[in-house]
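First comes the structure, then the notes that go with it.
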Amino acid sequence: MWIKRVLDIVLALIATTCLSPLLLATYLLVKLSSTGPALYWSKRVGQHNQLFSMPKFRSMRVGTPQMATHLMNQQTDPNAFLTPVGSFIRKTSLDELPQLWSVLKGDMSIVGPRPALFNQDDLIALRTEKNVHTLKPGITGWAQVNGRDEIPIPQKVALDVYYLQRQSLCLDIKIIVLTVIKVLRRDNITH
């Protein structure tokens, strides 16, 4: 586990350094296109179901309810809450870049199951039942590269269990490479 932590720190520092112009440009784009802060701090469920605050570039208007997109779909159109640049930064995954801070801080890993929102009770319960909650959440994960926003929760948890049972440096590298490909292609993004 210490090797994974060292790699997380090294990769997060390299990514932050290399992507700093993109981080700055995205910050300015969000700040200038809508009122409110450029960063949004979301309450998320981390390792062993401990809550932590995860930063993202704000893609939704201030005052948007904190809920998963699939839950929001049942009540209203999530697109109605997007900022003028929200769709773009979500489809390009630029909104995820501030999570490098969470990796450096130790709340997240580069690779692991995506952290659930604090109110995603169905996802949290199923992950706990399957021991997925023992993993540190990641910026990307096996479920992310195998469907992202497109897969239902039981299938997502099954993919998280696959990762739990087979985690290795080789699998992490494969997931990182597949993530880059998926982001460049903008695969499996619904909002």
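Residue numbers count from 1 along this sequence. Only heavy atoms go into these numbers, but all of them, side chains included; no hydrogens, no water, no symmetry mates.
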Of the non-hydrogen atoms in Ala12 and Thr16, which two are nearest, and what is the gap between them? O-OG1, 2.7 Å
Side-chain heavy atoms of Ser109 within contact of Pro137, under 4.5 Å: no
Both conditions, 6.0 Å and 45 degrees, for the charged tip of Lys56 above the ring of Tyr40: are they met here? no
Show the nearest heavy-atom pair for residues Pro84 and Ser33, with the distance to one decimal. CG-O, 3.4 Å
Once you measure the plane-to-plane angle for His48 and His133, does it fall in the parallel (<30°), tilted (30-60°) or perpendicular (>60°) bin? perpendicular
If every non-hydrogen atom of Leu126 is compared with every non-hydrogen atom of Pro154, which pair is closest and at what distance? CD2-CA, 3.9 Å
Could you report the tightest heavy-atom contact between Met60 and Leu82, atom names first, then the distance? SD-CD2, 3.5 Å
ILVMFWY network linking Val30 to Leu19, side-chain heavy atoms under 4.5 angstrom: yes
Distance, nearest 0.5 Å, that separates CG of Leu13 from CG of Leu104: 5.0 Å
Just how far is it from atom SG of Cys18 to atom CG of Leu11, taken to the nearest 0.5 Å? 10.5 Å
Whether the Tyr163 and Asn146 side chains hold a donor-acceptor pair (N or O, under 3.5 Å, no angle test) is what I'd like checked. no
Arg61 and Ser34 side chains, donor-acceptor separation under 3.5 Å: no
To the nearest 0.5 Å, tell me how far Arg127 CZ sits from Asp122 CG. 10.5 Å
Would Trp41 end up clustered with Leu51 when hydrophobic side chains under 4.5 Å apart are linked, directly or stepwise? no
Name of the residue among Lys91, Arg90, Arg114 meeting salt bridge (charged side-chain N to carboxylate O under 4.0 Å, His left out) with Glu96: Arg114
Within the structure provided, determine whether Leu94 and Leu22 are in side-chain contact (heavy-atom separation under 4.5 Å). yes
Grab the two heavy atoms, one from Ala143 and one from Lys156, that are nearest each other, plus how far apart they are. CB-CG, 3.8 Å
Close side-chain approach of Leu23 to Phe57, heavy-atom, < 4.5 Å: yes
Distance in Å, Leu29 CG paired with Leu24 CG, rounded so as to fall on 0.5 Å steps: 11.0 Å
Between Asp172 and Ile110, is any pair of side-chain heavy atoms under 4.5 Å apart? no
Flag side-chain contact, heavy atom, 4.5 Å: Thr134 against Gln47: no
Quick check on side-chain contact (heavy atoms from CB on, under 4.5 Å): which of Asp8, Leu169, Thr140 does Val111 satisfy it with? Thr140
Quick one: are Met54 and Trp101 in side-chain contact, heavy atoms under 4.5 Å? no
Output, in order, the C-alpha distance, side-chain angles, deciding distance and verdict of side chain to side chain contact (heavy atoms under 4.5 Å, CB included) for Val183 and Thr92. CA-CA 6 Å; Val183 167; Thr92 57; 5.7 Å; no
ILVMFWY cluster, Ile139 and Leu171 together (side-chain gap under 4.5 Å): yes
Is the shortest heavy-atom distance from the side chain of Trp142 to the side chain of Lys174 under 4.5 Å? yes
Applying side chain to side chain contact (heavy atoms under 4.5 Å, CB included) to Asn49 and Ile124, what does each step give before you reach the verdict? CA-CA 8 Å; Asn49 292 333; Ile124 295 164; 3.9 Å; yes
Does the side chain of Leu117 come within less than 4.5 Å of Ser42's, by heavy atoms? yes
Give a yes or no on whether Tyr27 atom OH has more than 12 heavy-atom contacts from other residues, nucleotides or ligands under 6.0 Å away. no
Looking at Lys130, I want to see if its NZ is surrounded by more than 12 non-hydrogen atoms of other residues, nucleotides or ligands under 6.0 Å. no
Looking at Ala116 and Leu123, what are the two nearest heavy atoms and their distance? CB-CD2, 3.7 Å
Hydrophobic clustering (ILVMFWY, side-chain heavy atoms < 4.5 Å, transitive) - are Ile175 and Tyr162 grouped together? yes
Honestly curious: do Leu164 and Ile176 fall in one hydrophobic cluster under the side-chain, below-4.5 Å linking rule? yes
Distance in Å, Gln167 CD paired with Lys4 NZ, rounded so as to fall on 0.5 Å steps: 6.0 Å
Between CG on residue Leu135 and CG on residue Asp160, distance to nearest 0.5 Å: 8.0 Å
